[in-house]
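The structure appears right after this line, and notes come after that.
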Amino acid sequence: MRKNTETMLCIAFMELLGKCPFPKITIQKIAEQCGVNRQTFYYYFDNIYDLMKKAFEYKLIHESHMYDEPSWESAMRRFLIWMKENRLIIKNILSNVESKYLRQAIYPIIYKGMTNEYRPNRIVYVEEGQMGEFIRHFMAIGITQYVLEWAESDFKESVDEVIHKLFTILKKVYQAR
């Protein structure tokens, strides 16, 4: 039941985000849409930004199926296509919320996609240990920022152009090692 309520709150938030500006979305509205009270919301989330992070991850993972892909390149392609298809939600967040909150929602998705366990046929293979962790973290931060700038530019470059640029950099970084 716990996971079901948490999921319902995530879905309700994303639905509201597609219909109205972020500042108009209240915890009360989210709770009412799910048929629960405000206290239930706070049982699962600290605040609306905590919900946003979880809802974004839930929606993205379930809709894009990016972690089902065999390579980092194809996973990122799915992720970027999802963002472009959901441009109203992304633009709503970007225009009404500090970008750090969207960055906090996107970064773990990109970082997780770069870990060895999710990419058996990967170009992004980083050795374990402190240096490997640093490189993966550094690259995920850069990719996250680039993706946010791409969204802020109203997705001017094609998904394939973005993938090509990112993949070229990743190949250079990891082949140089």
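Residue indices begin at 1 and follow the sequence shown.
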Should [X] and [Y] be regarded as members of a common hydrophobic cluster, given that ILVMFWY residues are connected when their side-chain heavy atoms come within less than 4.5 Å of each other, either directly or indirectly?
| X | Y | value |
| --- | --- | --- |
| Leu102 | Ile81 | yes |
| Phe13 | Tyr58 | no |
| Leu16 | Phe22 | yes |

Between [X] and [Y], what is the shortest heavy-atom contact and its length?
| X | Y | result |
| --- | --- | --- |
| Pro108 | Lys53 | CG-CE, 4.0 Å |
| Lys91 | Glu152 | NZ-O, 3.5 Å |
| Asp50 | Tyr44 | OD2-O, 4.3 Å |
| Val147 | Met83 | CG1-SD, 3.4 Å |
| Ala151 | Ile90 | CB-CG2, 3.8 Å |
| Phe45 | Glu6 | CZ-CG, 3.7 Å |

Is the backbone of [Y] close enough, under 3.5 Å, to the side chain of [X] for a donor and an acceptor to pair up by distance?
| X | Y | answer |
| --- | --- | --- |
| Asn92 | Cys20 | yes |
| Glu161 | Ser158 | yes |
| Lys165 | Val162 | no |
| Thr40 | Val36 | no |
| Asp154 | Lys156 | no |

task = Taking atom CD of Gln39 as the centre, report whether more than 12 heavy atoms of other residues, nucleotides or ligands fall under 6.0 Å from it.
result = no

inquiry  = Strictly below 4.0 Å, N to O, side chains only: are Glu32 and Lys29 in salt-bridge contact?
reply    = no

remark   = d(Ile169 CD1, Met139 CE) to nearest 0.5 Å is 6.0 Å

query = How many angstroms lie between CG in Asp160 and CZ in Phe167, if you round to the nearest 0.5 Å?
reply = 12.5 Å

task = State whether a side-chain donor-acceptor pair under 3.5 Å links Thr7 with Asn4.
result = no

ask   = Pick from Tyr101, Trp82, Tyr107, Tyr49: which one makes a ring pair (Phe, Tyr, Trp, His ring centres under 6.0 Å) with Phe56?
value = Trp82

